[in-house]
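What follows is one structure encoded as structure tokens, with my remarks underneath.
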2 protein chains.
Amino acid sequence: MDGLNPELMRGSLELMVLSVLSDGSKYGYLIQQRLKDASDELVDLKAGTLYPILHKLETKKMVRCRWDDSTGRRRKWYELTAAGKKQLKVRVDEWQAYVECLRRVLGPLADPSPMPA
Amino acid sequence: MDGLNPELMRGSLELMVLSVLSDGSKYGYLIQQRLKDASDELVDLKAGTLYPILHKLETKKMVRCRWDDSTGRRRKWYELTAAGKKQLKVRVDEWQAYVECLRRVLGPLADPSPMPA
DNA sequence: GCCGATATATCGCTCAGCGATGTATCGTCA
DNA sequence: TGACGATACATCGCTGAGCGATATATCGGC
């Protein structure tokens, strides 16, 4: 995590990983890069965060994985399972509900208040 | 927390408490109720969560507080300090940035996809 | 040959949230 | 009157996410 409040990110990292995997299988390091790109450098998942997440997703059968040793670089490719895709939808819905809820709680504070005239 | 993913809420609870205090001073239990109301029952802060947050905000001088023993009910009223109001603005901005960032990361997934025709 | 980037893995710390528990008062209903 | 649920505040200790630190190994460029 970089420019964003790290406390806020807690809980949405798994969603982000699932999301990045939704447009095709990727290996860990690539996921990390894609996430950084997609977020304008704001989300920079540390290795100590990313890999445990991937292992957890694998245990829960949300992703399947396959080692590729054909190049010098050992790479572990991850792909969403059907359960993973379903889970992603659930997580996105949870996220939308959360945002909507916060909007309600924040009330007028949530509105982009322009410079006072 | 009730209908929402509790993992997601982590990190935004303090923001919510500050937010509820922004329209006037309140005591703990009242904050809890207001938050529940404002969120359509979705956010139900437990006492074991709320009071430590308030103590922390007090320690950080984000709120000032005053006991009211005039009624039988011992109540501790909390009020945002100037620093607290400033902090609230910062937190709201962080929240907006976070939401915007997630929208970018989720990409097409973030769009409300209607029933397929 | 050294260094930074690529690539994965694990251990252990920190800290937020919260369940459990404790205390005390109030209003209501039997 | 006594029981019970709501009001009102507090603290202890557990769980689990995130991550810093550390380890290992390969690759390309200078």
Side-chain angles (χ1 to χ4, degrees), chain A residues 1-2 4-18 20 25-37 39 42-60 62-63 65-78 91 94 98, chain B residues 1-2 4-18 20 25-37 39 42-60 62-63 65-78 91 94 98:
Chain A
M1 244 51 53
D2 234 8
L4 294 180
N5 183 329
E7 301 308 332
L8 282 177
M9 315 292 268
R10 294 182 71 103
S12 65
L13 300 183
E14 209 175 292
L15 164 63
M16 292 194 241
V17 170
L18 286 169
V20 166
S25 50
K26 294 176 185 58
Y27 57 93
Y29 193 79
L30 188 54
I31 293 173
Q32 197 183 10
Q33 300 305 313
R34 287 295 175 85
L35 212 40
K36 205 198 284 189
D37 287 353
S39 69
L42 289 179
V43 181
D44 187 8
L45 269 198
K46 307 305 172 194
T49 302
L50 175 62
Y51 294 110
I53 287 178
L54 288 171
H55 299 157
K56 193 179 154 198
L57 287 174
E58 193 188 345
T59 303
K60 296 198 288 174
M62 296 301 149
V63 295
C65 64
R66 184 176 37 83
W67 280 103
D68 174 21
D69 290 47
S70 68
T71 63
R73 305 249 189 237
R74 268 173 86 253
R75 281 168 182 161
K76 201 169 171 185
W77 290 79
Y78 290 89
R91 294 302 198 92
E94 284 176 352
Y98 177 42
Chain B
M1 244 49 57
D2 235 5
L4 293 179
N5 184 331
E7 302 306 333
L8 283 176
M9 316 292 269
R10 293 183 72 104
S12 65
L13 300 184
E14 209 174 293
L15 164 63
M16 291 194 243
V17 170
L18 287 170
V20 166
S25 51
K26 295 176 185 57
Y27 57 93
Y29 194 80
L30 188 54
I31 294 173
Q32 198 183 11
Q33 300 305 314
R34 287 293 174 88
L35 211 40
K36 204 198 283 190
D37 287 352
S39 69
L42 289 177
V43 180
D44 187 9
L45 269 199
K46 307 305 171 192
T49 302
L50 175 62
Y51 294 110
I53 287 179
L54 289 171
H55 300 157
K56 193 178 155 200
L57 287 174
E58 193 187 346
T59 303
K60 296 197 290 176
M62 295 303 149
V63 295
C65 63
R66 184 175 40 79
W67 280 103
D68 173 23
D69 292 46
S70 69
T71 61
R73 306 252 188 235
R74 266 173 87 254
R75 282 169 181 159
K76 203 169 170 186
W77 289 80
Y78 290 90
R91 294 303 199 91
E94 284 177 352
Y98 177 42

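In this text, all values refer to a predicted model and were calculated from it rather than measured experimentally.
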Subject >> Closest non-hydrogen atom pair between Ala47(A) and Pro52(A), with its separation >> reply: O-CD, 3.7 Å
**OP:** Could you tell me whether the phosphate oxygens of dG17(C), OP1 or OP2, come under 4.0 Å of any side-chain nitrogen or oxygen in Thr49(B)?
**Re:** no
**OP:** Nearest whole angstrom, please: distance from the P of dA10(D) to the CG of Leu57(B).
**Re:** 13 Å
Original post:
Between Thr71(B) and Asp68(B), which heavy-atom pair has the shortest distance, and what is it?
Top reply: N-OD1, 4.4 Å
Quick test: give all pairs of protein nitrogen or oxygen and nucleotides 26-28 of chain D nitrogen or oxygen below 3.5 Å, distance rounded to 0.1 Å.
residue	atom	partner	partner atom	Å
dT26(D)	O2	Arg73(A)	NH1	2.2
dC27(D)	O4'	Arg73(A)	NH2	3.3

Subject >> Lys76(B) NZ to dT11(D) C1', straight-line distance once rounded to whole Å >> reply: 12 Å
**OP:** Walk me through it: do Lys36(B) and Val43(B) pass the test side-chain contact (heavy atoms from CB on, under 4.5 Å)?
**Re:** CA-CA 5 Å; Lys36(B) 204 198 283 190; Val43(B) 180; over 6 Å; no
**OP:** Have a look at Trp77(A) and say if it touches a base, only the backbone sugar-phosphate, or nothing, with a 4.0 Å heavy-atom cut-off.
**Re:** nothing
Subject >> Earlier contact from the 5' end, DNA chain D, for Pro52(B) and Gly48(A) >> reply: Pro52(B)
**OP:** Respond yes when some side-chain nitrogen or oxygen of His55(B) is under 4.0 Å from OP1 or OP2 of dT11(D), and no when none is.
**Re:** yes
Original post:
Any side-chain N or O of Lys46(A) under 4.0 Å from OP1/OP2 of dA21(D)?
Top reply: no
**OP:** Return the nearest nucleotide to the side chain of Tyr27(A); candidates are dC19(D), dC18(C), dT8(C).
**Re:** dT8(C)
Below 3.5 Å between N/O atoms, which protein atoms pair up with nucleotides 14-17 of chain D? Just atom names and distances, please.
residue	atom	partner	partner atom	Å
dA17(D)	OP1	Lys56(A)	NZ	3.1
dA17(D)	O4'	Arg10(A)	NH2	3.4
dA17(D)	N3	Arg10(A)	NH2	2.9

Subject >> Distance, rounded to the nearest Å, where Asp68(A) contributes CG and dT6(C) contributes P >> reply: 17 Å
Subject >> Residues Glu58(B), Lys76(B); criterion side-chain contact (heavy atoms from CB on, under 4.5 Å); working and verdict >> reply: CA-CA 12 Å; Glu58(B) 193 187 346; Lys76(B) 203 169 170 186; 3.7 Å; yes
Subject >> Atom of Asn5(A), atom of Glu7(A) and distance for their closest heavy-atom approach >> reply: OD1-N, 2.8 Å
Subject >> Distance, rounded to the nearest Å, where Arg34(A) contributes CZ and dT6(C) contributes C1' >> reply: 15 Å
**OP:** Test Glu94(B) against Leu4(A) for side-chain contact (heavy atoms from CB on, under 4.5 Å), laying out the working first.
**Re:** CA-CA 7 Å; Glu94(B) 284 177 352; Leu4(A) 294 180; over 6 Å; no
**OP:** For Tyr29(A) and dA25(D), give me the distance from atom OH to atom C1', rounded to whole Å.
**Re:** 14 Å
**OP:** Please report the closest heavy-atom contact between Gly11(A) and Arg91(A), naming both atoms and the distance.
**Re:** O-NH1, 4.3 Å
Subject >> Separation of atom CG in Asn5(B) from atom P in dA16(C), rounded to whole Å >> reply: 19 Å
Original post:
Does OP1 or OP2 of dA9(C) have a side-chain N or O of Tyr51(A) closer than 4.0 Å?
Top reply: no
**OP:** For the residue pair Ser12(A) and Tyr98(A), confirm or rule out a side-chain donor-acceptor distance under 3.5 Å.
**Re:** no
Subject >> Asp44(B) and Lys46(B) ion-paired at < 4.0 Å >> reply: yes
**OP:** Using the side-chain contact (heavy atoms from CB on, under 4.5 Å) rule, take Ser25(B) and Tyr78(B) through it: C-alpha gap first, then chi angles, then the decisive distance, then the call.
**Re:** CA-CA 5 Å; Ser25(B) 51; Tyr78(B) 290 90; 6.0 Å; no
Original post:
Just how far, in rounded Å, is C1' of dG18(D) from CG of Leu54(A)?
Top reply: 14 Å
Original post:
Tell me: CG of Leu50(A) to P of dC19(D), nearest whole Å?
Top reply: 11 Å
